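Residues take their numbers from the sequence shown, with the count starting at 1. All figures in this text were calculated on a predicted structure; none of them were measured in a lab.
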Amino acid sequence: MGHELYKGLLIVIGMLLLVASVSDMKRRQISKILIVGLFLMCIIAMLFQKTFDLYNTIGGGMIGLCAIGVSMASQEQIGRGDGLVLLGIGALLGFRSGLAIVFVASCIMCIVAMVILICKKGNRHTKLPFLPALFVGYVVCVTQMLS
């Protein structure tokens, strides 16, 4: 029962990430209510994990805290909302899964940036939404975990 509920919560979190991704693409910002909802779902999902590893949770959350720090240091070149989302997702899924999500998202963004530059649709200062790539990374990671 608990594991099925956990899977369902992971799917709900994925749907919230999808909504946040669409918002990030359209408006270049994420609703605070959506971020709070995402955090609450992550906390609730943690309660239904088979095992809870405090160090893994802290390590995963640190990924998001680092992203928030980079956001503050770079005058929001990386959005603070992206860091907040990573904080919740990283704390839920742990350090390795958090890094895997960031890795997949970064690879996707590299490819997107290269296509934009090659097609001359932007330059190196063009701002791109990162949350859609995080969503894809989340889907890849969760699909791997649940299979």
Does [X] share a hydrophobic cluster with [Y], counting links as ILVMFWY side-chain heavy atoms below 4.5 Å and allowing steps through other members?
{"X": "Leu38", "Y": "Leu5", "answer": "yes"}
{"X": "Leu18", "Y": "Leu146", "answer": "yes"}
{"X": "Val102", "Y": "Ile111", "answer": "no"}
{"X": "Leu47", "Y": "Val142", "answer": "yes"}
{"X": "Leu92", "Y": "Leu40", "answer": "no"}

If every non-hydrogen atom of [X] is compared with every non-hydrogen atom of [Y], which pair is closest and at what distance?
{"X": "Ala67", "Y": "Gly83", "value": "CB-CA, 3.8 Å"}
{"X": "Lys127", "Y": "Arg28", "value": "O-NH2, 3.4 Å"}
{"X": "Tyr6", "Y": "Phe48", "value": "CB-O, 3.7 Å"}
{"X": "Phe130", "Y": "Ala105", "value": "CZ-CB, 3.7 Å"}
{"X": "Gly137", "Y": "Val104", "value": "CA-CG1, 3.6 Å"}
{"X": "Ala45", "Y": "Leu9", "value": "CA-CD1, 3.6 Å"}

Step through the shown structure and confirm whether more than 12 heavy atoms of other residues, nucleotides or ligands are within 6.0 Å of [atom1] on [X].
{"X": "Phe103", "atom1": "CZ", "value": "no"}
{"X": "Ile33", "atom1": "CD1", "value": "no"}
{"X": "Met72", "atom1": "CE", "value": "no"}
{"X": "Met109", "atom1": "CE", "value": "yes"}

Can you tell me how far apart [atom1] ([X]) and [atom2] ([Y]) are? Round to the nearest 0.5 Å.
{"X": "Thr57", "Y": "Gln49", "atom1": "OG1", "atom2": "CD", "value": "6.0 Å"}
{"X": "Ile35", "Y": "Leu16", "atom1": "CD1", "atom2": "CG", "value": "11.5 Å"}
{"X": "Leu17", "Y": "Leu131", "atom1": "CG", "atom2": "CG", "value": "6.0 Å"}
{"X": "Ile116", "Y": "Lys121", "atom1": "CD1", "atom2": "NZ", "value": "10.0 Å"}
{"X": "Thr126", "Y": "Leu117", "atom1": "OG1", "atom2": "CG", "value": "7.0 Å"}
{"X": "Leu87", "Y": "Leu65", "atom1": "CG", "atom2": "CG", "value": "5.0 Å"}

Sequence neighbours excluded - side-chain hydrogen bond (donor to acceptor under 3.5 Å, both in side chains) pairs with any residue from [range]:
{"range": "residues 96-112", "value": "none"}
{"range": "residues 8-26", "value": "Ser23-Arg27"}
{"range": "residues 136-147", "value": "none"}

(message) A side-chain contact here means heavy atoms from C-beta on lying under 4.5 Å apart; do Ile63 and Ile89 qualify?
(response) no
